[in-house]
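Naming: A, B, ... by sequence-line order, numbering from 1 per chain.
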There are 2 protein chains.
Amino acid sequence: MSVAHTEVTHEATPAAHLGPCGEDDCGIRDVLDRLGDKWTVLVVVELSKGTRRFRELQRAIPGISQRMLTVTTRRLTRDGLISRTQYPTIPPQVDYDLTVIGRSLAGAVFALSDWSREHKDAIATARADWDAQNDGI
Amino acid sequence: MSVAHTEVTHEATPAAHLGPCGEDDCGIRDVLDRLGDKWTVLVVVELSKGTRRFRELQRAIPGISQRMLTVTTRRLTRDGLISRTQYPTIPPQVDYDLTVIGRSLAGAVFALSDWSREHKDAIATARADWDAQNDGI
DNA sequence: CCGTATCCGAGATGATACTG
DNA sequence: CAGTATCATCTCGGATACGG
């Protein structure tokens, strides 16, 4: 669903760190289109603990529907972030696992997770203050 | 600034990092609820370059509507991630800036951005392969 | 067990017009 | 300039039922 702005006539520079980021792609949009949905990150995190079967994932991630687990795993598989191994047994068995590239993503995700835990309280406080100031409205 | 991509050592690392993550809060959901929308990250990235006025932000982020910029900046302000300074001039002027905590978030975001640039090609390839295999569908 | 298919409601977003 | 208000649209995701 990426941002649909047409084109920016700025010459695309390699951009060390902060290139024309707001202007066009700093790539960040790509990642968030991938991680921004409700379940992807949880699947990645769960798989970072080891191989999981379909059912195991569903049990490990309370609230996810069968449909969304299918959709999420398929998207991740398509992007090469997780591997899907199907055994033609009866009943069927499918194993999911992070790929190498998927594990590197998990690393970046954990960095964000750390950030969240670190600042959760500060944010809650700021939010409470803000709400206190604008309550009567 | 880059929060090093801490390689996830698979099963070797038990729950040092990951609490009952799939269950409910590993905190990661909080961050993604905040960053997952279409514009928040772009605003944060733009503000990481310095102070910006409302209009400047809008020009720097092509495609964002006035409404969504208002909504996005207000949310970030509420969470204490950016500061809003209003000058009672005519015409009005409002400056936005990252707070300290907002800048630390920008750091984590850049880590993700790095990851994206690093693996963009690999993902595109994987996706093309997958699409090739499942073309007729 | 592992998916697919269909329907449908909620929330996010865009377009547009108006205000201080 | 910096919003606010309103309405139309569109995608995501949940519920449910069926299939291999």
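- Rounded to an integer number of Å, the gap from CD1 of A:Ile90 to P of D:dG19 is 17 Å.
- Protein atom CZ of B:Phe54 is 5 Å distant from nucleotide atom P of D:dG3, rounded to whole Å.
- Among the heavy atoms of the strands, none lies under 4.0 Å from B:Tyr87.
- Nearer to the 5' terminus of DNA chain D, by closest-nucleotide assignment, is the contact made by A:Gly36 (compared with the other of A:Pro92 and A:Gly36).
- Side-chain atoms of A:Trp115 and B:Ser104 form a donor-acceptor pair, as typed in the model, at a separation below 3.5 Å.
- Paired with A:Arg52 under the rule side-chain contact (heavy atoms from CB on, under 4.5 Å), one option of A:Asp95, A:Val94, A:Leu57 passes, and it is A:Leu57.
- Side-chain atoms of B:Met68 lie closest to C:dT13 of the nucleotides D:dT4, C:dT13, C:dC1.
- Look at CZ on B:Arg34: it is 17 Å from C1' on C:dA12, rounded to the nearest Å.
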When you compare the protein's N or O atoms with those of nucleotides 15-18 of chain C, which come within less than 3.5 Å of each other, and at what distance?
none

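- Donor-acceptor pairing under 3.5 Å is recorded for the side chains of A:Thr51 and A:Asp97.
- Looking at A:Arg117 and B:Asp30, no side-chain N of the basic residue comes within less than 4.0 Å of a carboxylate O on the acidic one, giving no salt bridge.
- Put simply, B:Lys38 has a side-chain N or O that comes within less than 4.0 Å of OP1 or OP2 on C:dG14.
- Note: CZ (A:Arg59) to P (C:dC2) measures 8 Å, nearest angstrom.
- Within the structure, a side-chain polar atom (N or O) of B:Tyr96 is placed less than 4.0 Å from OP1 or OP2 of D:dG3.
- Put simply, B:Arg74 has no side-chain N or O that comes within less than 4.0 Å of OP1 or OP2 on D:dG3.
- In the set C:dC2, D:dG3, D:dG13, the nucleotide with an atom closest to the side chain of A:Trp39 is D:dG13.
- For B:Ile64 and C:dT13, the CD1 to C1' distance is 11 Å, given to the nearest whole Å.
- Remark: B:Arg127 engages A:Asp79 in a salt bridge (charged side-chain N to carboxylate O under 4.0 Å, His left out) (not counting sequence neighbours).
- Between the A:Ser116 side chain and the A:Leu112 main chain, no donor and acceptor come within less than 3.5 Å of each other.
- Side chain of B:Thr99 to backbone of B:Leu81: a donor-acceptor contact under 3.5 angstrom is found.
- When rounded to the nearest whole Å, the span between CG of B:Asp33 and P of C:dG11 equals 14 Å.
- Atom pair B:Gln58:CD and C:dG14:P shows a separation of 12 Å (rounding to whole Å applied).
- Counting to the nearest Å, the C1' atom of C:dA12 and the CG atom of B:Leu35 are 16 Å from each other.
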